[in-house]
2 protein chains.
Amino acid sequence: MEYQEAKEKFISTWGSLGTMWGINKAMAMIQALLFVSTKPLSMEDIMEELQISRGNTSMNLRQLMDWGIVTKEIIPGERKEFFTTEKDVQELARQIAKERSRREIQPVIKVLKEVSSIKDDKTDKTKELIKQTKALHELTENADKMLNKLINQEQNWLTKSLFKLIK
Amino acid sequence: MEYQEAKEKFISTWGSLGTMWGINKAMAMIQALLFVSTKPLSMEDIMEELQISRGNTSMNLRQLMDWGIVTKEIIPGERKEFFTTEKDVQELARQIAKERSRREIQPVIKVLKEVSSIKDDKTDKTKELIKQTKALHELTENADKMLNKLINQEQNWLTKSLFKLIK
DNA sequence: ACAAACTTTCAATAATTATTGAAAGTTTAA
DNA sequence: TTAAACTTTCAATAATTATTGAAAGTTTGT
């Protein structure tokens, strides 16, 4: 497999992985492209390489910046804006975990807490609803705590912890 | 908040959480409904409660069974089929983790391995592609190993491990 | 202040994904 | 063996989500 083919394969695989986990294809592909690029890319570069429109590129770059995994680079003497992504996989993982926790897991935990706190009227169905949502609430909260722990540790904590768990 | 409202809130929240993580709404809602139900439900029951069509119900129940988190119950004297979901959150989490690993993570690991193994022609861009996909490969493989570890342990291992990590 | 070089916005459109419902298929009881 | 009771399948349709492209907005250099 040659460079170009390998690169395209990587980008499109990353794109479809994104789709499977609720992240849009263009967004995932832009990040993948930046991730293996040796230098910052302009909007033109990205549009060209991925064959997507200016609007699409602009919107998805913005989202990636909102997620904190892509940053604008000012290149002296250039009028265009250039973009790079976080190159360190650990940091990338932490950032994504952090954002998904904040945006998606927290609101669900909130609802689970509310629902599991309704007044127990002693009927079977109410007891079951409370019991089951409480169990889910605990599980979700634990998983999320772990995720947050990962997020707030220094660089290599994740790898070390995983290693301890695995061996 | 009363029982009915709480139940509906739980089901629809679970449904939209599903959507955010690439699982379709009806599938997530059916699972949620079964999860808080005190007894097995028939297709009619599910259609009625969630206001979805027979075809939709049938297809999504099938998927849930393929995922191994819903099972058919035979109720003596009843002609209809009845369904239940795994009621234990630990087991549910393990089953979902197992399936998502098998279906989605493994194929990506395979591609990352392929791409990171291309011939190094000593150009900067090839070196960067190899380096970055290799890093991603390692991270993904570690995370997946942990997931698999969780899957193959006895019941309470997950909670215990998480607890150890958190404290 | 102007205009060239750029980026953003957003209504229109396309692509994808989910849902319906009726026909075909299956199972069961008599 | 028949037919009622039920489930599955799948082409048609609806709903959702992503993408385009051109107009509006912004920034920069002169």
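The structure presented is a predicted model; accordingly, all values stated were derived computationally and were not measured.
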Q: Indicate, with a heavy-atom threshold strictly under 4.0 Å, whether B:S42 touches base, sugar-phosphate, or nothing.
A: nothing
Q) At under 4.0 Å between heavy atoms, what does B:T19 touch on the DNA or RNA strands: base, sugar-phosphate, or nothing? A) sugar-phosphate
Quick one: [X] [atom1] to [N] [atom2], roughly how many Å, whole number?
X: B:M47; N: D:dT8; atom1: CE; atom2: P; answer: 12 Å
X: A:I23; N: D:dA18; atom1: CD1; atom2: P; answer: 11 Å
X: B:F82; N: D:dA5; atom1: CZ; atom2: C1'; answer: 13 Å
X: B:I46; N: C:dT19; atom1: CD1; atom2: C1'; answer: 16 Å
X: B:Q63; N: D:dC10; atom1: CD; atom2: C1'; answer: 15 Å
X: A:M27; N: D:dA18; atom1: CE; atom2: P; answer: 10 Å
X: B:Q51; N: C:dT19; atom1: CD; atom2: P; answer: 14 Å
X: A:M65; N: C:dT7; atom1: CE; atom2: P; answer: 10 Å

What I'd like to find out is whether the side chain of [X] reaches to under 4.5 Å of the side chain of [Y], using heavy atoms alone.
X: A:E104; Y: A:E99; value: no
X: B:W14; Y: B:L17; value: yes
X: A:M43; Y: A:E81; value: no
X: B:K80; Y: B:E44; value: yes
X: A:K9; Y: A:E5; value: no
X: A:F82; Y: A:K72; value: no

Q) Taking the six-membered ring for Trp, are A:W21 and B:W21 parallel (under 30°), tilted (30 to 60°) or perpendicular (over 60°)? A) perpendicular
Q: Report the base-pairing partner of D:dA22 (Watson-Crick or G-U wobble, both distances below 3.5 angstrom), or none.
A: C:dT9
Q) Does A:N24 put a side-chain nitrogen or oxygen below 4.0 Å from OP1 or OP2 of D:dT19? A) yes
Q. Should A:R62 be listed as having a side-chain N or O under 4.0 Å from OP1 or OP2 of C:dT7?
A. no
Q.
Using heavy-atom distances to pick each residue's nearest nucleotide on DNA chain C, tell me which of A:K25 and A:S58 is more 5'.
A. A:S58
(Q) Within the 4.0 Å limit for protein heavy atoms, which parts of nucleotides 21-30 of chain C are touched? Write it as a string from 5' to 3', B for base, S for sugar-phosphate only, - for none. (A) B-----BB--
